[in-house]
Every structure is written in structure tokens, then in C-alpha cells.
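Please read all numbers here as calculations on a predicted model, not as lab measurements.
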Amino acid sequence: MYKKMRKYIIACLLLLAFLTGCSKEYATVDEDTKNISENINEENISSEIMGRLEHGLGNYLIDDNTGEASKDIDSANEAKKLFLNDFSGYICYAGNEKILCLGDGVKLINCNNLEVLNEIQSEDLEISFYDFWDCEVYTNKDGYSIIGKLYNEQDASTQLTMVECNQELGNINLISVEEWAGAEREIMAYELLENGKKLLYSTMDGFYLYDSVSGDTTVLDIGDVFVLDFAYIENSNQILIVGNNSNSERVLGCIDFTENTPKAEIYESNLWGKIRDYSGGALIEEADVYGKEKAGQIFSYTEQHGIRQYPLTDLEESGSIVLSYKGGYYATKTLVKNEGYVLRIYSSEDGHLAHEYLMTYDKYGEEFRLNNILICEDINKIILAVNGLRDQKEGTWLIAIDL
């Protein structure tokens with residue numbers, strides 16, 4: 001099953017690469033097009049980024065700017081660890097100092113001491129999260145909503161599925177989101193709003209907002225843009241969208257719900273990629289677009305500052321961004337061939353490098369893998385999920401360290 005699933009995921013990724021990379025040239029932006037990124041330095045910053053990866057991990061031992069040594073995870077502070085036998089699923093921060101581990105069952109774990117607080121056994125679930133293409137957890141006063149694309153092995157299709165449960169992981173409810181929202185076509189991208197009462201989603205046909213209380217669906221005006229990704233920014237009541245316009249240009253748009261008739265305002269073309277949002281703003285990755293070279297940077301958006309760009313340490317970081325729970329930090333992981341991983345934590349406020357950690361094969365074994373990163377700045381913790389550790393390869397270690 002998992003071999004088929006991997007083939008399916010690869011096929012989906014190839015399709016996405018085609019859709020997102022169909023333009024070889026970007027048209028010049030019209031002078032009257034609004035540019036929200038006037039403070040972006042036009043110089044290609046990739047020329048300023050040293051490609052240290054080809055020289056191995058040795059160059060990470062001393063930071064070029066601060067002169068401080070990079071940290072090893074075990075020596076960074078008193079790391080807490082928990083071994084999950086035969087687990088290789090998702091970990092998601094659920095707020096209130098708890099994480100959910102999603103596999104054949106569900107475990108609710110305290111972030112501070114990694115104590116298992118509660119769990120759902122696999123026999124009590126109708127599905128396995130190993131069959132999910134992706135997973136996100138939304139927390140509300142009643143409990144948790146876990147949503148993601150569930151893979152159907154029989155017809156090689158996916159269905160957006162939501163699993164609801166209370167704070168004690170009881171009263172489990174399985175929901176087909178397309179049926180719940182009355183979507184006429186398969187949902188591609190999605191986000192739950194207002195504690196799960198509303199669903200923002202896109203299909204091949206358009207962009208929609210579903211209100212489960214009223215049962216109404218609103219068609220959102222995005223002009224000629226085909227939506228690839230989007231993010232709702234709660235504090236400013238805005239939606240950022242990334243997509244391709246009718247000229248196959250990659251564009252960024254913004255819908256402001258504070259206006260009486262919200263309509264997408266489209267900005268200039270760029271390598272806009274996946275958006276990761278938090279209550280006060282969003283981070284936008286650089287996309288992999290055929291014929292275009294990445295600059296090794298990330299874009300930050302807030303209503304106050306508009307678009308700002310922050311350079312990353314290495315070009316290879318730009319496609320593996322993890323945003324923290326409150327949005328104050330973002331993390332990258334860089335795989336250095338035959339040597340191990342470099343984990344970096346940056347500040348979202350100004351893009352400066354806050355922490356850098358090394359995880360080498362020499363110490364953890366040649367099959368070591370860094371799978372998941374959670375940054376929980378509300379409790380000053382970083383949670384890592386790793387597997388392939390020397391002598392314990394058939395499960396996952398959760399490692400909690402101080403931020």
C-alpha cells in the first residue's frame with residue numbers, strides 16, 4: 001500500500017510542478033500595477049549567499065557572523081526524549097502545551113515532559129493517518145479538528161477528510177469535507193476559519209468561502225488567477241493568494257474582507273510559493289519554477305510592513321520552511337549529503353538567524369532522518385521527530401529542547 005501511495009504522491013507532485021512551473025518567462029509588470037514590495041532590494045541576493053553545503057558540515061561549526069559555534073541537539077540543553085515504537089506519522093502542535101501524534105492511532109502528549117496524556121487506539125479509528133497525504137490540526141473550545149487528504153487505495157483518489165474529537169480524544173466523528181461543504185469538485189487547498197465554522201477552499205473551478213452556520217457558500221472574486229495556495233491572516237482580516245494568471249505568470253494577490261465588496265488585488269509576479277500563515281501575517285516560500293533560479297530567500301507579509309524579503313543561509317533551505325505556532329520564528333532543515341542535517345531557526349521579525357543545530361550521521365547513524373519540526377514559542381520549546389537512530393530504527397524519537 002505504501003509503495004502505491006508513494007507513487008501517487010510522486011505523481012501529484014509532478015502534476016503540481018507542471019501547474020506551478022508552466023511559465024518559462026515572466027512578463028514585465030505594468031507601471032500602474034500596485035507594488036506592495038517597494039522596500040525589496042532589487043539586487044539578486046543569491047550572489048551574496050555562500051554555498052557552504054558542498055564543503056560539508058565543517059563550515060557550519062563556526063557561524064561566520066557571530067563567531068559562535070553551532071550546537072549539537074543533545075548538548076544544546078537538557079533535551080527530553082520519548083520513544084514511539086513503530087511510529088512514523090505526523091506530529092502537530094495542538095496548543096495549550098500539547099502535541100498530537102497521528103499514525104494508526106492518536107496520542108496526546110505534553111510538550112514539556114513528553115508524557116502521554118491520552119490516546120485513541122487504532123481499533124477505535126475507522127481510518128489510519130498513515131493514509132493521509134497531509135494533516136493539519138485546528139483547536140477549539142470543544143476539542144480538535146484534524147483535516148487532510150485521505151488516500152483511497154482502491155481507486156487511487158484522495159478525499160478531504162476531517163476527524164473531530166473532544167479534548168479527551170473521545171466522541172470521534174469522521175466527516176467528508178467535500179460533502180459537508182457542498183463542494184461540486186475536489187477541494188485542492190483549504191483552511192478552516194472561526195473555530196471550524198467556516199471553510200475557505202479552492203477547486204479547479206474557483207475560490208470559495210463556506211459558512212456551516214448559515215449553509216451559504218460565497219464565490220470569491222480573484223479575477224483570472226488560478227489559485228495554487230492561500231492563507232487567511234486573522235488580525236488584518238485578509239487572504240493572501242498565490243496562483244497563475246491567464247498569462248501563466250506567478251502572481252500574489254490579497255483579498256481584504258474589511259471592504260464591502262472584497263476583491264482580489266493582484267501584485268507583481270515573482271517566485272511566489274507556498275504560504276504559511278499566522279494570526280499577524282504570513283511567510284511565503286520561493287517556488288520551484290522551471291527556468292527560474294531561486295535567490296535563497298523568504299518573503300514576509302504583514303499589513304503594516306507589506307512584503308519584506310529575508311535571505312536564507314543556503315539556497316537549499318528555501319523549500320523546507322516550517323513556521324512556528326505563533327509566527328515569531330521559522331525553521332529550515334538542510335540535508336548535507338553523507339554527513340547529516342543542519343537545523344536553523346530564524347526570527348520572523350527581521351530574518352536574523354537565532355539558532356543553528358547539527359545532527360550528524362557520525363553521531364546518530366547513517367539511517368538517521370529528521371522528519372518533523374515544531375516550534376512552540378508560547379512555551380519556549382522546539383519539538384523534533386526523528387527516526388533511523390542507531391540501534392532503534394523501527395520507531396520515532398520525540399526530542400524536546402528549549403527555544
With side chains defined as the heavy atoms from C-beta onward, is the minimum distance between I233 and Y278 less than 4.5 Å? no
Rounded to the nearest 0.5 Å, what separation is found between the OH atom of Y190 and the CD atom of E136? 4.5 Å
Less than 4.5 Å apart, side chain to side chain, heavy atoms only: is that true for K80 and E115? no
Between V177 and I187, is a side-chain contact (heavy atoms from CB on, under 4.5 Å) present by the stated rule, with each step listed? CA-CA 9 Å; V177 178; I187 293 176; 4.1 Å; yes
Worked verdict on N371 versus N387 for side chain to side chain donor-acceptor pair (under 3.5 Å): CA-CA 7 Å; N371 290 329; N387 61 18; 3.3 Å; yes
Just jot down the ring-ring contact (aromatic ring centres under 6.0 Å, His included) partners of Y93, sequence neighbours excluded, or say none. Y325
Do N112 and E97 have a side chain donor and acceptor closer than 3.5 Å? yes
List the steps, then state whether side chain to side chain donor-acceptor pair (under 3.5 Å) holds for Y151 with Q159. CA-CA 7 Å; Y151 173 71; Q159 183 180 52; over 6 Å; no
Heavy-atom check, side chain of V342 versus side chain of Y357, under 4.5 Å: no
Would you compute the distance between atom OG1 of T396 and atom CZ of R369 and round it to the nearest 0.5 angstrom? 13.0 Å
Show the nearest heavy-atom pair for residues G196 and W180, with the distance to one decimal. O-CH2, 3.7 Å
Mind checking whether Y144 and L108 have side chains closer than 4.5 Å, heavy atoms only? yes
Between S324 (side chain) and G328 (backbone), is there a donor-acceptor pair under 3.5 Å? yes
Is there a donor-acceptor contact under 3.5 Å linking the side chains of T203 and D205? no
Can T313 and Y346 be counted as having a side-chain donor-acceptor contact under 3.5 angstrom? yes
Exercise: do D224 and S246 side chains pair donor with acceptor under 3.5 Å: yes
Within the 4.5 Å heavy-atom criterion, are V225 and N244 side-chain neighbours or not? no
May I ask you to check whether over 12 heavy atoms, not counting those of E123, lie within 6.0 Å of atom CD? yes
Candidate pair W397 and L114, rule side-chain contact (heavy atoms from CB on, under 4.5 Å), full reasoning: CA-CA 11 Å; W397 277 101; L114 297 187; over 6 Å; no
Electrostatic pair K381-D402, nearest N-O below 4.0 angstrom: yes
So, taking the atom named CG in L169 and the one named CG in L125, what distance separates them when rounded to the nearest 0.5 Å? 9.5 Å
Does a side-chain heavy-atom distance below 4.5 Å link R344 with D314? yes
If you apply the rule ring-ring contact (aromatic ring centres under 6.0 Å, His included), what do you find for Y310 with F299, and how did you get there? CA-CA 6 Å; Y310 303 140; F299 303 99; 9.6 Å; no
D229 side chain to I275 main-chain N or O, any donor-acceptor pair under 3.5 Å? yes
Please evaluate residues Y208 and L220 with respect to the criterion side-chain contact (heavy atoms from CB on, under 4.5 Å), reporting the C-alpha separation (whole Å), side-chain torsions for both, the decisive distance (0.1 Å), and the verdict. CA-CA 6 Å; Y208 308 93; L220 300 176; over 6 Å; no
Give, for atom OG1 of T158 and atom CG of N152, the distance between the pair rounded to the nearest 0.5 Å. 9.5 Å
Could you grab the distance from atom CD1 of I373 to atom NZ of K333, nearest 0.5 Å is fine? 6.0 Å
Side-chain heavy-atom pair I91, L100 within 4.5 angstrom cut-off: no
Tell me, with the steps shown, if E285 and R276 meet salt bridge (Lys or Arg N to Asp or Glu O under 4.0 Å). CA-CA 8 Å; E285 296 181 359; R276 306 183 187 280; 2.9 Å; yes
Given the rule in the side-chain contact (heavy atoms from CB on, under 4.5 Å) test, do C376 and I382 qualify, once you have shown the distances and angles that lead to the verdict? CA-CA 6 Å; C376 317; I382 302 171; over 6 Å; no
More than 12 heavy atoms of other residues, nucleotides or ligands under 6.0 Å from CD of E234: yes or no? no
Could you check whether D256 and N237, counting side-chain N and O atoms only, form a donor-acceptor pair closer than 3.5 Å? no
Does OH belonging to Y232 count more than 12 external heavy atoms closer than 6.0 Å? yes
Non-hydrogen atoms of F207 and S202 that approach each other most closely: CD1-CB, 3.9 Å
Any side-chain heavy atom of E377 sitting closer than 4.5 Å to one from Y329? yes
Looking at E168, I want to see if its CD is surrounded by more than 12 non-hydrogen atoms of other residues, nucleotides or ligands under 6.0 Å. yes
Is the distance between the ring centroids of F368 and Y361 less than 6.0 Å? no
Between Q238 and S236, does the side chain to side chain donor-acceptor pair (under 3.5 Å) criterion hold? Intermediate values first, please. CA-CA 5 Å; Q238 295 175 313; S236 56; 2.9 Å; yes
Distance-minimising heavy-atom pair for A181 and T217: O-OG1, 4.0 Å
Would the distance check show the side chain of E178 and the main-chain N or O of L160 forming a donor-acceptor pair, the cut-off being under 3.5 Å? yes
Mind running salt bridge (Lys or Arg N to Asp or Glu O under 4.0 Å) on R308 and D350 for me, showing each step along the way? CA-CA 9 Å; R308 293 181 292 180; D350 56 13; over 6 Å; no
About how many Å separate CG of L252 and CD1 of I307, when rounded to the nearest 0.5 Å? 5.5 Å
